[in-house]
Chemist: 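The structure that follows is given in the form of structure tokens.
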There are 2 protein chains.
Amino acid sequence: MQIGELAKQAGCPVETVRYYEREGLLHAAVRNESNNYRQYNLSHLDRLTFIRRCRSLDMTHGEIWALLDARQQPDASCESINELIDTHLLHVQARMTELRALEGQLIDLRSQCHAARATRDCGILRELDHPGDTAWRSPALTHSHVSGSHSSSDAHNHGEKQK
Amino acid sequence: MQIGELAKQAGCPVETVRYYEREGLLHAAVRNESNNYRQYNLSHLDRLTFIRRCRSLDMTHGEIWALLDARQQPDASCESINELIDTHLLHVQARMTELRALEGQLIDLRSQCHAARATRDCGILRELDHPGDTAWRSPALTHSHVSGSHSSSDAHNHGEKQK
DNA sequence: GAACACCCTAAAGTAACTACAGGGTCAAGC
DNA sequence: GCTTGACCCTGTAGTTACTTTAGGGTGTTC
Ligand SMILES: [Zn+2]
Ligand SMILES: [Zn+2]
Ligand SMILES: [Zn+2]
Ligand SMILES: [Zn+2]
């Protein structure tokens with residue numbers, strides 16, 4: 001199996017497979033001697049699929065490493081695995097709590113302006129400009145990874161010409 | 001006011017202020033001629049505080065640019081501001097929906113192993129290894145930025161010695 | 001004049017990819 | 001034999017919003 005087929009089976013881009021190999025997450029494939037193409041077998045596909053399932057649960061590479069390591073020691077206790085899942089569940093829940101708080105603040109903010117008026121009278125800007133009575137404290141820091149709410153394809157250019 | 005005082009008033013690190021200036025979000029400060037230190041006034045503090053409030057709502061720099069731009073035109077309609085907040089609220093809600101789905105999957109996964117047993121018998125690994133009947137599809141892509149659940153301080157090293 | 005808090009710049013690191021530049025390999029069709 | 005197109009390779013840079021590090025100047029105090 002070459003890299004395109006492996007990636008297709010695992011449902012991820014080819015570049016991601018090469019990236020995982022560089023990171024060591026995926027074992028380096030044997031190369032075809034004549035053309036230097038990577039050759040994969042089913043155990044590679046197994047491992048890659050495992051990794052992608054963990055990523056779809058938003059685990060970090062560090063968390064995935066820990067699971068892969070644990071898997072290498074079938075005789076050890078699985079306690080650390082159970083704990084890792086618990087901890088990661090807390091990561092996700094912590095972030096949800098933050099986002100719920102943000103949602104509330106944004107709904108409050110939005111309620112400051114319903115009609116379209118002149119910008120100078122917009123209640124939203126007014127509220128952003130002066131703290132007001134709503135709690136403007138930044139959300140208490142959590143031990144969560146899992147951050148953000150914006151897709152990477154959001155363009156962030158400002159007054160610059162597009163190509 | 002020099003940079004340390006400004007940062008303290010706004011509740012953010014000094015480096016972040018310099019970073020915003022490089023990005024253009026914050027206007028470049030006048031420099032003290034003798035020592036080249038940045039000198040700020042209250043309008044800088046206003047703008048920085050505005051930016052930080054938007055960031056605490058998890059807006060991107062692009063979204064903040066749009067608000068800052070709109071604020072420059074007090075006579076225009078504030079419709080775009082209202083829409084921006086609506087859209088960003090959708091970003092946050094979309095991410096919450098994703099995280100709720102993740103939470104459900106993780107709870108399912110965790111339920112596969114309650115006692116600490118040998119790793120070879122761990123129901124969690126078993127489930128991660130073979131798709132099982134639970135829906136393993138990656139969460140439908142949203143138009144959200146706001147991603148992740150892990151804090152940046154999570155260490156992600158594996159078998160490497162610490163310094 | 002030494003300690004210490006403060007300021008400066010430029011460059012690299014973070015997480016997990018994604019994209020690009022520049023080029024080799026292979027099968028099919030003309 | 002040559003072109004077209006799909007596939008593969010390497011290496012590097014870009015993404016987001018910062019943070020960290022290296023290396024060095026400034027200002028006040030003891
Ligand atoms: Zn986690
Ligand atoms: Zn308005
Ligand atoms: Zn947004
Ligand atoms: Zn277990």
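In what follows, chains are A, B, ... by sequence order, proteins preceding strands, each numbered from 1. Because the structure is a prediction, the values reported are computed rather than measured.
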Chemist: Quick test of your reading of the model: are B/E21 and B/R18 salt-bridged, counting only N-O distances below 4.0 Å?
Modeler: no
Chemist: Of the candidate nucleotides D/dT26, D/dA17, C/dC7, which contains the atom at the shortest distance from the side chain of B/I3?
Modeler: C/dC7
Chemist: Please classify the nucleic acid contact of B/R38 as base, sugar-phosphate, or nothing, using heavy-atom distances under 4.0 Å.
Modeler: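 The answer is sugar-phosphate, as B/R38 gets under 4.0 Å only of primed atoms, P, OP1 or OP2.
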Chemist: Of the nucleotides D/dC8, C/dT25, D/dC18, which has the atom closest to the A/N35 side chain?
Modeler: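 For the A/N35 side chain, the nearest candidate turns out to be C/dT25.
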Chemist: Determine whether a donor-acceptor pair (one donor, one acceptor, N or O, separation below 3.5 Å) exists between the side chain of B/Y37 and the base of D/dG27.
Modeler: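 Side chain to base: no pair below 3.5 Å.
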Chemist: Identify which nucleotide among C/dC26, C/dT18, D/dT10 has an atom closest to any side-chain atom of A/S34, counting heavy atoms from C-beta outward.
Modeler: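 Closest of the options to the side chain of A/S34: C/dC26.
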Chemist: Can a side-chain donor-acceptor contact be found between B/R52 and B/Y20 if the only test is distance below 3.5 angstrom?
Modeler: yes
Chemist: Taking the side chain of B/P13 as heavy atoms from C-beta outward, which of C/dT18, D/dT19, D/dC18 is closest to it?
Modeler: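 Given the options C/dT18, D/dT19, D/dC18, the side chain of B/P13 is closest to D/dT19.
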Chemist: At 4.0 Å (heavy atoms only), tell me whether B/R55 reaches a base, stays on the sugar-phosphate, or touches nothing.
Modeler: sugar-phosphate
Chemist: Tell me whether the OP1 or OP2 atom of C/dA16 has a side-chain N or O from A/R52 closer than 4.0 Å.
Modeler: no
Chemist: B/Q2 near the nucleic acid: base, sugar-phosphate alone, or nothing, with a heavy-atom cut-off under 4.0 Å?
Modeler: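 Sugar-phosphate, backbone atoms only, no base.
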Chemist: For the pair made of CG in A/N36 and P in D/dG11, what is the distance, rounded to whole Å?
Modeler: 10 Å
Chemist: D/dA22 P sits how many Å from B/E15 CD, rounded?
Modeler: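 Rounded to the whole Å, the gap is 14 Å.
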Chemist: Using atom CG of B/N32 as one end and atom P of D/dG25 as the other, report the distance to the nearest whole Å.
Modeler: 18 Å
Chemist: Establish, yes or no, whether the cationic atom of B/R71 lies under 6.0 Å from the six-membered ring centre of B/F50 and within 45° of the ring axis.
Modeler: yes
Chemist: From C-beta outward on A/V14, which listed nucleotide comes closest to its side chain: C/dT18, C/dC7, D/dC8?
Modeler: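 Among the listed nucleotides, the one closest to the side chain of A/V14 is D/dC8.
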